[in-house]
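Read through the structure below, which is laid out as structure tokens, and then see the notes.
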Amino acid sequence: MQVISTPQRWFQTFNNVIMILLALICIVPLLHVIAISLSSSAAVMANKVTFFPIELNFYSYTKALENPVFLPAIWLSVQRTALSLGLGLIVNCMAAYVLSKGGGRDGIAGYKGFVGLFIVAMLFNGGLIPTYLLVTKIGLYNSIWALVLPGLVNVFHLILIMNFFKALPKEIEESAFMDGANHWQVFSRMFLPLSLPVLATVGLFMVVNDWNEWFMGSIYMRGDNVPLSTLLKSLIAVPIVDASNVNEIAKLNNRSIRAAQVLIGALPILLIYPVLQKFFTAGIVIGAVKE
Amino acid sequence: MVRRKDSWQLYLMLIPAVLVVLIFVYMPMGGLVMAFQDYKPYQGILKSEWVGLEQFKFLFEYPDSVQVIWNTLRIAMLKLFFGFISTLGFALLINEVRRKALRNTVQTFVFLPHFLSWVVLGGIFVELLNPDNGLVNLALQAMGMKPIFFLGDNNWFLFTVVSSEVWKEFGYGSIIFLAAIAGINPALYEAAQLDGAGKWKQVLHITLPSLIPTMVVVLTLSLSQVLNAGFDQIFNLYNPLVYEKGDIIDTFVYRVGLIDGNYSFSTAVGLFKSIVSLILIMGAYRLAYKVADYKIF
């Protein structure tokens with residue numbers, strides 16, 4: 001039994017209070033916007049809303065969804081995220097499996113060359129304009145594939161998965177090979193099922209990245225065919241020209257509706273985050289820290 | 001074990017990733033020659049006029065770009081400094097929380113902002129920081145202070161950018177330190193306790209020294225990011241009022257390139273940034289390897 005001294009007890013209490021304050025600082029802005037989105041605009045205008053809705057109603061949500069471009073944008077975002085997640089997991093995991101074998105007898109010839117190829121791709125690229133020109137030249141402009149393909153291989157995710165694969169006990173695959181399994185079977189029936197923590201982690205990263213990504217949507221898609229985050233960018237981020245204009249914008253653009261728009265954009269993240277949160281700490285730690 | 005006969009399957013599994021990278025990362029690199037041309041869209045890369053280093057010369061003479069480079073460095077360095085301190089400090093403190101439930105709850109909340117996009121957070125901050133009726137300014141007024149135009153005042157914009165970045169990332173960034181702390185041998189603490197070391201002494205003589213390799217890695221790798229001041233964040237928070245202090249290389253490349261259509265100049269600026277970043281990251285990686293034995297592959 002550890003003896004805890006009085007000053008230590010004081011420190012613990014003090015520390016707990018600081019931690020609670022930090023946690024509050026992180027979610028209070030969100031709570032405020034939720035409260036605004038659920039309050040009547042009269043209460044919002046009178047600056048009465050802090051962290052609890054006043055005159056609770058869902059008017060701003062129905063109003064936001066009535067905007068004819070809103071639902072198609074959500075649908076495009078859903079498709080794009082699903083495509084990126086599915087293809088991304090397959091492509092990155094397959095490559096990670098191969099690279100986790102290393103060179104030498106178990107792996108592939110030219111291992112170092114492939115590693116170099118990915119490392120260079122992680123560190124250097126053609127930059128905004130050349131990439132933009134390529135994507136439009138090969139006919140992807142205004143196609144969902146322009147949002148999916150260019151970022152499909154993420155070398156950070158690849159490394160995370162690869163390190164997890166490397167840590168799996170070698171005996172498992174060796175016994176499978178003895179029983180006559182081939183690489184594809186070992187990969188799909190043994191490595192993938194054993195790697196759920198890292199797949200959940202990387203999957204969460206992929207969903208978050210793709211759902212939140214707005215820039216590619218703004219340069220590769222036509223104005224009426226954009227994912228939700230790109231649409232939100234144009235709806236929410238009104239350029240502020242000067243202080244007096246701010247008031248104009250606040251009056252024109254109902255604050256409750258804007259808050260509702262912001263929250264609809266954040267909703268999928270808020271929903272999946274708590275479910276996957278418990279996986280990712282373990283997933284990152286295993287992928288990032290090596291013995 | 002003999003080389004397996006089905007290793008061709010390995011190549012097959014690698015092909016999709018290699019193709020994506022070749023097409024979408026390596027092919028655009030060819031377009032970098034634009035930086036040495038006076039690129040005209042209707043003439044294409046093959047027929048546009050070669051101008052050598054003209055675009056780069058322009059980059060260093062153009063008053064705006066000097067200001068932009070300086071803004072980038074300043075914002076990135078401030079973020080690096082405060083980000084590092086807040087992340088490390090938070091990791092040390094949360095590690096001292098004994099109640100598991102409290103610890104998990106706090107972590108859940110402080111990690112959350114990392115997963116929200118700057119578009120969403122931009123919307124939240126515009127609401128929160130509004131000088132007229134934003135909650136923050138109402139609170140300041142209640143305390144008898146003047147309202148502050150956080151997003152529209154050149155002097156406050158820097159503060160807003162750095163503090164919102166710290167706010168978004170301090171929790172999430174602490175994961176790497178927490179992992180390293182979890183890896184410290186508990187016997188060290190037991191020995192220190194037997195020698196009569198208090199909590200403070202233990203942190204000073206065991207936890208912090210054990211974290212030095214991780215700190216070196218985090219610091220050197222983030223040093224290589226000094227030309228990345230955060231396009232996503234700046235782009236979602238800034239406006240013409242704060243171009244003077246808020247415009248960074250990436251936003252500048254976007255405005256000059258895609259908005260003004262000056263492809264060659266914008267590519268040259270981007271190339272300059274990429275090359276400097278590449279040199280920095282390779283140096284940082286080598287340093288991290290030497291000092292902390294850090295290796296990716």
Side-chain angles (χ1 to χ4, degrees), chain A residues 8 12 15-16 18-19 22-23 26-27 29 32-33 47 91 94-95 97-98 105 108 114-115 117 121 123-131 133-134 149-150 152-153 159 182-184 208 212 214 229 232-233 236-237 239-240 243 246-247 258-259 262 265-266 269 273 277 281 284-285 288-289, chain B residues 1 3 6-7 9-11 13-14 16-17 20-21 24-25 27-29 31-32 93-94 96-98 102 106 108-110 112-113 115-117 119-120 122-124 127-128 130-133 135 138 149 152 175-176 179 199 236 239-241 253 257 263 266-267 270-271 274 278 281 296-297:
Chain A
Q8 225 166 304
Q12 303 246 304
N15 192 26
N16 288 352
I18 291 184
M19 290 297 118
L22 285 178
C26 285
I27 55 157
H32 178 56
V33 176
N47 295 330
V91 170
M94 288 197 307
Y97 174 79
V98 179
R105 283 190 318 195
I108 50 169
F114 286 110
V115 167
L117 186 91
L123 297 179
F124 195 72
N125 56 61
L128 177 66
I129 305 287
T131 309
L133 289 178
L134 175 96
L149 290 178
L152 198 61
V153 174
I159 292 173
N182 60 30
H183 275 303
W184 178 253
V208 170
N212 285 345
W214 58 273
S229 49
L232 285 180
K233 164 79 183 130
I236 297 167
I240 306 164
V246 169
N247 305 334
R258 284 195 9 186
V262 166
I269 305 294
Y273 170 71
Q277 201 259 102
T281 328
I284 296 168
V285 169
V289 182
Chain B
M1 219 164 117
R3 180 177 273 279
D6 55 3
S7 65
Q9 284 186 341
L10 291 178
Y11 289 102
M13 290 162 90
L14 197 55
V20 168
V21 167
F24 291 103
V25 183
M27 278 175 64
M29 286 184 198
L32 286 171
L93 289 180
I94 187 95
E96 296 302 330
V97 173
R98 289 284 154 266
L102 176 68
V106 171
T108 305
F109 287 151
V110 296
L112 179 62
F115 292 94
L116 297 173
S117 69
V119 175
V120 163
I124 292 180
E127 168 61 47
L128 217 63
N130 190 323
D132 200 43
N133 47 23
L135 194 65
L138 291 179
F149 198 4
I175 291 181
I176 178 104
K199 223 32 303 157
N236 280 292
N239 52 76
L241 273 185
V253 165
Y263 287 9
S266 165
T267 302
L271 181 61
S274 294
L278 190 66
I281 201 160
I296 297 182
F297 273 85

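Below, chains carry the letters A, B, ... as their sequence lines are ordered, and counting in each starts from 1.
B:Leu128 contributes atom CG, which lies 5.5 Å from atom NE2 of A:His32 (distance to the nearest 0.5 angstrom). Note that CG of B:Asp132 is 8.0 Å distant from CG of A:Asn47, once rounded to the nearest 0.5 Å. Atom CG of residue B:Asn236 and atom NZ of residue A:Lys233 lie 4.5 Å apart, to the nearest 0.5 angstrom. A distance of 5.0 Å separates CG in B:Leu93 from CG in A:Asn15, rounded to the nearest 0.5 Å. Remark: B:Leu102 CG to A:Asn16 CG distance equals 5.0 Å, nearest 0.5 Å. For the atom pair A:His183 NE2 and B:Met13 CE, the distance stands at 8.0 Å (nearest 0.5 Å).
Residues A:Asn125 and B:Phe24 fail the side-chain proximity criterion, which asks for heavy atoms closer than 4.5 Å. At least one side-chain heavy atom of A:Ile269 sits less than 4.5 Å from a side-chain heavy atom of B:Leu116.
With a 4.5 Å cut-off on non-hydrogen atoms, B:Ile124 touches chain A through its backbone and its side chain both. At a 4.5 Å heavy-atom cutoff, the contact between A:Leu117 and chain B is made by backbone and side-chain atoms alike. At a 4.5 Å heavy-atom cutoff, the contact between B:Leu112 and chain A is made by backbone and side-chain atoms alike. Interface residue B:Pro113: only side-chain heavy atoms are found under 4.5 Å from chain A. The contact between A:Leu128 and chain B is made entirely by side chain atoms (from C-beta outward), counting heavy-atom distances below 4.5 Å. If you measure heavy-atom distances from B:Ile281 to chain A, the contacts under 4.5 Å come from the side chain alone. If you measure heavy-atom distances from A:Leu123 to chain B, the contacts under 4.5 Å come from both the backbone and the side chain. At a 4.5 Å heavy-atom cutoff, the contact between A:Val262 and chain B is made by backbone and side-chain atoms alike. Contacts of A:Trp184 with chain B are made by both backbone and side-chain atoms, with heavy-atom separations under 4.5 Å. Both the backbone and the side chain of B:Leu32 come within less than 4.5 Å of a heavy atom in chain A.
Counting heavy-atom pairs closer than 4.5 Å to chain B, the top residue among A:Ile18, A:Leu152, A:Val33, A:Ile27 is A:Ile27. When each of A:Gly265, A:Gly127, A:Pro29 is scored by its heavy-atom pairs under 4.5 Å with chain B, the top score falls to A:Pro29.
In this structure, A:Asn212 contributes its side chain and B:Phe115 its backbone to a donor-acceptor pair below 3.5 Å. For A:Gln12 (side chain) and B:Glu96 (main-chain N/O), a donor-acceptor pair under 3.5 Å exists by modelled atom type.
Residues passing the side-chain hydrogen bond (donor to acceptor under 3.5 Å, both in side chains) test with A:Thr131: none are found, sequence neighbours excluded. Take B:Tyr263 and apply the ring pair (Phe, Tyr, Trp, His ring centres under 6.0 Å) test, not counting sequence neighbours, and it matches B:Tyr39.
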Test log, rule side-chain contact (heavy atoms from CB on, under 4.5 Å), inputs A:Tyr273 and B:Thr108: CA-CA 9 Å; A:Tyr273 170 71; B:Thr108 305; 3.9 Å; yes

Steps toward side-chain contact (heavy atoms from CB on, under 4.5 Å) verdict (A:Tyr97, B:Leu10): CA-CA 8 Å; A:Tyr97 174 79; B:Leu10 291 178; 3.6 Å; yes

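Minimum interatomic distance between A:Pro130 and B:Pro28 (heavy atoms only, all atoms of both residues): CB-O, 3.3 Å. The heavy-atom pair separating B:Val119 from A:Ser229 by the smallest distance is CG1-O, 3.8 Å. Shown here for B:Val21 and A:Ala121, the closest heavy-atom pair between the two residues is CG1-CB, 3.5 Å.
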